[in-house]
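Comments concern the structure below.
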Amino acid sequence: MKYLLQLSVLFLTLSLFSACADKSRRAEIDARKAALKQKQDSSLTAAQQQLALVDSMLEVAKAEHDSLHAWVMSHSTKLKEQSPEVVRLNELRTRRDSLQVEWETLGAKIKYIRKKIEESDSLSHR
C-alpha cells in the first residue's frame, strides 16, 4: 500500500512538472511566433517604403534619360562619341538600369515576404 502511495505521488509530481514544462514551451513558441510576425511586418513595411523611393527615383531617371536621348538622337550627326552629352546619356542609362534592377529586386523581396507571411498564417491556423 505504501508503495502504491509513493508511486501515485511520483506520478502526480511528474504530471505536474510535465504540464508546467509544456506551458513554458508553448509560451516560448508563442513568443517566437509573435516576434516572427513583427519582424515580417516591419521588413515588409521597410521594403515597401524603399520600393516607393526607388520607384520615384526611377521615374525621374527615365524622364531625364528619355529627354537627353531624344536630344542626342536629333543631334547625332554633329556629336562625337566622347562629347559631354553622350557621356551624360551613358551615365543616365547606367543609373536608370541600376534603379530598374533595384526596383525589380525589391518587388521580388516584397512578394517573398508576403508569401512567407501567408505560409506562417496558414501554419498557425492548424
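For Ser83, the side chain to side chain contact (heavy atoms under 4.5 Å, CB included) partners are Leu79, Glu85, Val86, not counting sequence neighbours. Residues meeting the salt bridge (charged side-chain N to carboxylate O under 4.0 Å, His left out) test with Asp97, sequence neighbours left out: none. Residues meeting the side chain to side chain contact (heavy atoms under 4.5 Å, CB included) test with Ser67, sequence neighbours left out: none. With sequence neighbours excluded, the residues satisfying side-chain hydrogen bond (donor to acceptor under 3.5 Å, both in side chains) with Asn90 are Arg93. With sequence neighbours left out, the side chain to side chain contact (heavy atoms under 4.5 Å, CB included) criterion links Glu119 to Lys115, Lys116. For Gln38, there are no side-chain hydrogen bond (donor to acceptor under 3.5 Å, both in side chains) partners, not counting sequence neighbours. With sequence neighbours left out, Lys33 forms a side-chain hydrogen bond (donor to acceptor under 3.5 Å, both in side chains) with no residue at all. By the side chain to side chain contact (heavy atoms under 4.5 Å, CB included) test, Leu51 is found to be paired with Trp103, Leu106, Ile110, residues two or more places apart in sequence or in another chain being considered. The side-chain hydrogen bond (donor to acceptor under 3.5 Å, both in side chains) search around Glu104 returns Gln100, not counting sequence neighbours. Contacts of Lys39 classified as salt bridge (charged side-chain N to carboxylate O under 4.0 Å, His left out), with partners at least two apart in sequence or in another chain: none. Glu59 meets the salt bridge (charged side-chain N to carboxylate O under 4.0 Å, His left out) test with no other residue; sequence neighbours excluded.
Annotation for Glu28: atom CD counts as buried by contact number, over 12 foreign heavy atoms lying within 6.0 Å.
Going from atom CG of Leu99 over to atom CE of Met57 covers 4.5 Å, rounded to the nearest 0.5 Å. Separation of atoms CZ (Arg95) and CG (Leu58) is listed at 9.5 Å; rounding is to 0.5 Å. Taking CG of Asp41 as the start and CD1 of Ile117 as the end, the distance is 5.0 Å to the nearest 0.5 Å. In this structure, the separation between OG1 on Thr94 and NE2 on His65 is 9.0 Å, given to the nearest 0.5 Å. Leu68 CG to Met73 CE: the interatomic distance, rounded to the nearest 0.5 Å, is 9.5 Å. One distance of note links CD of Glu102 with NZ of Lys109; it measures 10.5 Å at 0.5 Å rounding.
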Fill in: Residue pair Asp30, Arg26: steps toward the salt bridge (Lys or Arg N to Asp or Glu O under 4.0 Å) verdict
CA-CA 6 Å; Asp30 290 342; Arg26 174 54 49 196; 3.7 Å; yes
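Cluster partners of Leu36, using a side-chain heavy-atom cutoff of under 4.5 Å among ILVMFWY residues and allowing indirect links: none.
In this structure, Gln40 and Arg114 have side chains that are not in contact, with every pair of non-hydrogen atoms separated by 4.5 Å or more.
Judged by distance alone, the side chain of His75 and the main-chain N or O of Trp71 form a donor-acceptor pair under 3.5 Å.
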